Every structure is written in structure tokens, then in C-alpha cells.
Amino acid sequence: MTQPIHGIPASPGFAEGKAYCLAAGEVQVVKRTGCQPEEELARLESALRQVRQALEQDAARARTSVGASEAEIFEAHSLILEDPDLREQVRAEVEGERVNIEFAWQNNIDRYAKILEGMDNELFAARAADVRDVGKRVLWTLTGTKIDTLAGLTSPSVILARDLTPSDTIAMDKSLVLAFCTAEGGPTSHTAILAKALGIPAVVGLGAAILDIAPGSLLCVDGVNGRVLVNPDPSARAAFESARSAFHDRSKEELSHAHEPAVSLDGVHFEIVANIGGEKDAQKAVEMGAEGVGLFRTEFVYLDRAVEPDEEEQYRVYQSVMEIMGTRPVVVRTLDIGGDKDIPYLHLEKEANPFLGVRAIRLCLQQPEMFLAQLRALLRAAVGHDLRIMFPMVATLSEVRTAREYTEKARAELAARGIAVPKVQLGIMVEIPSTAVLADQFAREVDFFSIGTNDLTQYTFAAERVSEKMAYLSDPLHPAVLRLVQRVIEEGHKQGIWIGMCGELAGDADAVPILMGLGLDEFSMSPNAVPHAKAVIRQWSTAAARELAVRALDLESGEDVRALVRSTPPR
Amino acid sequence: MASAIVTIHHPVGLHARPASVFVRTAANFPCTINVRNLSGDSKMVNAKSILAVLTLGANQGAQIEIQTSGEGEEEALKALVELVESNFGE
């Protein structure tokens, strides 16, 4: 039977279709001297003309298939293409040094990209990618490299590529893409994010061997398990087909019950809520049956801008999300950001280890005016709604107490302006081991805990979660993490507070029964994961889940825990 | 030669769409148009070059000086000043 190629599942689903191989387009530029300047410059003019036409087509296509804002990227590219300074400098270099046009062009593109990359302001630095993108397209045309922006996609296909960038995918007709398979990239790459947004399967990190697959080969993509079959034999294909139809039947069935509560076999209700980043996600959350929001990330309000957002602007953003969620509870996390993000107006210092530095609540307590503005905006948005405030990265009791004092101060400032705010639940993220260990003490100070398993895992194992080499140390199902989770839930319940979880683990189907067994009250996950998580809960009784959890806590590794769950039939 | 000093109020600064609109407007006039960031290193650059304008790094709140010289210099200056003051037409 045909053996599958294994990768990282990046977006769930099954698809099969012909391979469309995106050319990598790496061009080596060789310097030649003694060239004829007129000939070289004429070649540039001709290349620029061709690229300009291609860009116009891309912009028109983007306008109809993805929207005007994405079409703007191509309009910005055509301005770079026509830049008079760039052309003048290239011309001077070709005439002065009689070098070949490819060399002069790439040299000047590199120079501008480096200037932009070196700028303090991240907004400007990000434009370097546009410069390199335009530079690459011109170079492809000059060297006769096969140009491929997925614009040439004409029939439904599985896209095979080394990795995908926004400019690779923007011009493609998304209705023709069945799935993505990439050699590189991780679960948070552009490919993964785009695939999830389009609702199509993706497998990433498949390795360089997939680049040798012939165009037109039949690919069967399993985005649930991260497997790809190439030209499968009949028996492998039949197995794939049955897995695919089982998945589709299951998804359809689960979606039809998504708006019903998640109640275990013995009648216990578990709250299934969503992680969101703004209005669009909020709408999606309601559609997929989320009973509320367990994590509303507010970072986007602060990113990609030159000055701090004021109270009024923030209020409008929070208010619009609250309107969509109606009377459902919404847990809003205050700004969770640090030195890994360059936000010009915050004047953050560069730190050697930004994930161990001044970030989240630590940053907010150092910048009280900014913190107070966010708290006032949140309290105002709480009027008429069930908005709850959550502080991220709390490590000590004094941090919680200070954050609480600021909240009271914000409330008093609003009262002085004649705005009365209802009582609002205050909670903390439990994501630092010190807080998990002292959960009993923290539980007396707050109304709820939400366990952030991504960071809790990273800080427990002292392993960066973004590093591919550290992947073996980033399994939140590891008993070391599960025991901390168990402690947090038990100590919180002793004090009568509710416990949620908003890390990836809460939406992981293998983890759900264990978390039920540990007594977690609220599960917060990406909106798409809600129907399946609800379905898993309905298959278990709390007693059976508890037995499963007790056994899991005694295992030695995350793989063992996963194997246990998969081999234990629900009851 | 004509010149004027204006302040960038747009939240993203002279970047992204504002920069594109600024450069396109400048390119419509035959005269020479230069611009510098008085809140930065004050080096004069070609206002018709998007790459040069981006390297100014003019953030929100930055003061820029626009200089026009040649055919249509007054009209060009007026158009660019109005553009910046109207917050790039937003």
C-alpha cells in the first residue's frame, strides 16, 4: 500500500486533486562587466513593461476575488516598479560600471530593502518585503525564470510549494485551491492561517522531497493527521476515501448540533467559548455555536500604528464586539505584548529574551496612563453586557492587587465623568509556573482563572515555543503540564471560582476528555473547533473522564497521554 | 521656487496608502518636487520616488517641508499641502 508523507497538520479537512507546483523562483545573480549599457537598459525597460502588465492583472484579480484592500498591495508594488530614483540609480550603475542589468537591479533593490529594514519604525521596515517582492519579479522576467504567482491556476488543484508568502497567494483564484502542501513552515505560518480562513486543508513542514513531485500527480491530503499520499494505489486510495467521507459526515453532523449546549452523558454542562481577535471572529464564534468568548485578544488595537489608541477609539472597538456577542459572556485580555513586537510609541527596550522580559501586565504596570485608558474603555463597554477583564502573565500577588487598584481607579475616573459601570468579573491568566504553584493564594484574589497552556508549557519546559527544534518540548499534553493544570483547577474550585482554559489545548480533541475529568469549567478555542469539542464532551461521562485523567497524570510523556486517549473508547 | 511646511496627522504617518497617494500626486506635476522630514535627518529627497519618501520615516506628528521648483510649482505645492492637510483624503 502507498505510504504517506508525514507533515504537520495545519488546517483540518480532506482533499484530493492534481498537484500544482509553485516554482520556487530562486535566481542566482552573477556579475558581468564589459556590457553594452544601451542593450542592458533596453532589456530592463522591456522587463519593467511586462511586470507592470502582470501587476495590473494581479490587482484586477485581487479586487474581484479578495477585495480592494489586498489590491492595494499590488498598486503599491507598481509604484515601486516605476520609482524614478531607483531607475536612475540602476541606469547610472550600468553606464558607469558597464555591469549587466541583473546585477545592477538586484544591487539597488538590496540597498533600498536594507535601508528600510534598518529603520526604527516597524511599519516602514515592513515595506522592505514589498521592495524585495517587486525586485524578484523583475529579476525573474530578466532571466526568463518561469514566473509563477498562482495566477496561472486554471483548474481545481492542490498547491505544492516550498512555502507560501502573501504575494504568492494573493493573485490566485481561491475557489480553485483544494489544499496546500508545503515543504517548510509551521502551524502558525501564512499558509496555515490562510488555509484556516478559507476552510481548506493544509499540511506544512513536509520536507524538501515534496518539491520533486511531478506536476499533475494525484495528491490525497489529510489535514487532520498531517498526511499526504502521492499517486496512491487503489487500496491506499480507498482507505483515504473512507477516512474522508467519515470526516465529512462527522463534520456535518457536528455542525448541525453546534448550537446545542455541550452536556456530558451524566448531565454536566461544560461551557464552550471562542478565542477571538475582533469583530469578524466574533461573528464566526456566534455562527459556530460558541456560548461566549473566553479570550478576546486586544493586541490588534495597538499594532500597526504610529500613536497609542485613545480611550474613545478603543471603546468603539470593544463595544462593537460586545454588540455582536449580545448577552453572552466575553473575557477580554488586557494588552499582552512585549519586546518581540516593535511598537514605536511604547519605546520598548530590546531585550535578549523578550518572552522573559517586560511584557503583558509587567508592561502595563510600567505604563499606567496607557493601562488606565484601556481599563476605562473596557469598563465603558461593559455597560449593558457581561464583559470580564483578564490580566495576562501575572506572576505575583502584588501584580494582581495593583492591577485591581488600577481598575478601581479607572472606575472612579469614569464615575467622576458621570458614567456608572456595573460590577465586572476580574480574573488572571495562569501561564507562569509560579502562579500555578500558588494557585490557592491567587484564587482568593480573583473571580476566575483562565489557563494559558501555550505559555505555561513554554515556561514549564524552558523551551521557546516558536522554535522548530524545541518542538519535542512543547507538548501541553505532557503530564508535567497536566499536573499543574490539575492543581490550578482544584485550588480554584476550593475557593469557589470558575476555571477556564484559552490555550491550544482546550480545543485539542485528545485533551478535551482529560480536561473534563480534571473539572475544567470553560473551554475556549478557535471558533472552527467549537462543534467538534462539543461533540466530544457529549460522548463522555464525567466519571469516565475522571478515571482517564487520573491515569493520564501518571504517564511519562505527552505521546503516552495521547495514545491513552486514542485507545480509550468514550463512555 | 516655492516651499511649505506641514504636519502629518495620519495615524500611519507618511507610509502605506498616504505615501502612495502623496507620490502619485507629486508625479502628476512636471516641476521638480523635493521633500524632507524636519523631525528626522532633514535630508531632501525626490517626492516622486516612493522609495525615497519611505526612507524619510515620517511618522504621525512629523513636520515635513515640501519644495517645488519649475513649471507649475505653485499648483503642485498647493495640491500636496492640501493633500496632507486633508489627511490624505480620508
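Computed from a prediction, not measured in an experiment: that's the story for all the values here.
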Exercise. In this structure, are over 12 heavy atoms from other groups packed under 6.0 Å from A:E45 atom CD?
Worked result: yes

Problem set entry | Heavy-atom contacts under 4.5 Å, residues 30-52 of chain B to chain A | B:N46, B:K48, B:S49, B:I50, B:L51, B:A52

For this session: Measure B:A62 against the heavy atoms of chain A and call it side chain, backbone, both or neither at under 4.5 Å.
Result: neither

Seminar exercise, completed: CG of B:L54 to CG of A:D83, rounded to nearest 0.5 Å, is 9.0 Å

Exercise. Which residues satisfy the side chain to side chain contact (heavy atoms under 4.5 Å, CB included) test with B:Q60, sequence neighbours excluded?
Worked result: A:A306, A:V307, B:P11

For this session: Pick one of side chain, backbone, both or neither for A:L79, based on which atoms fall under 4.5 Å of a heavy atom in chain B.
Result: both

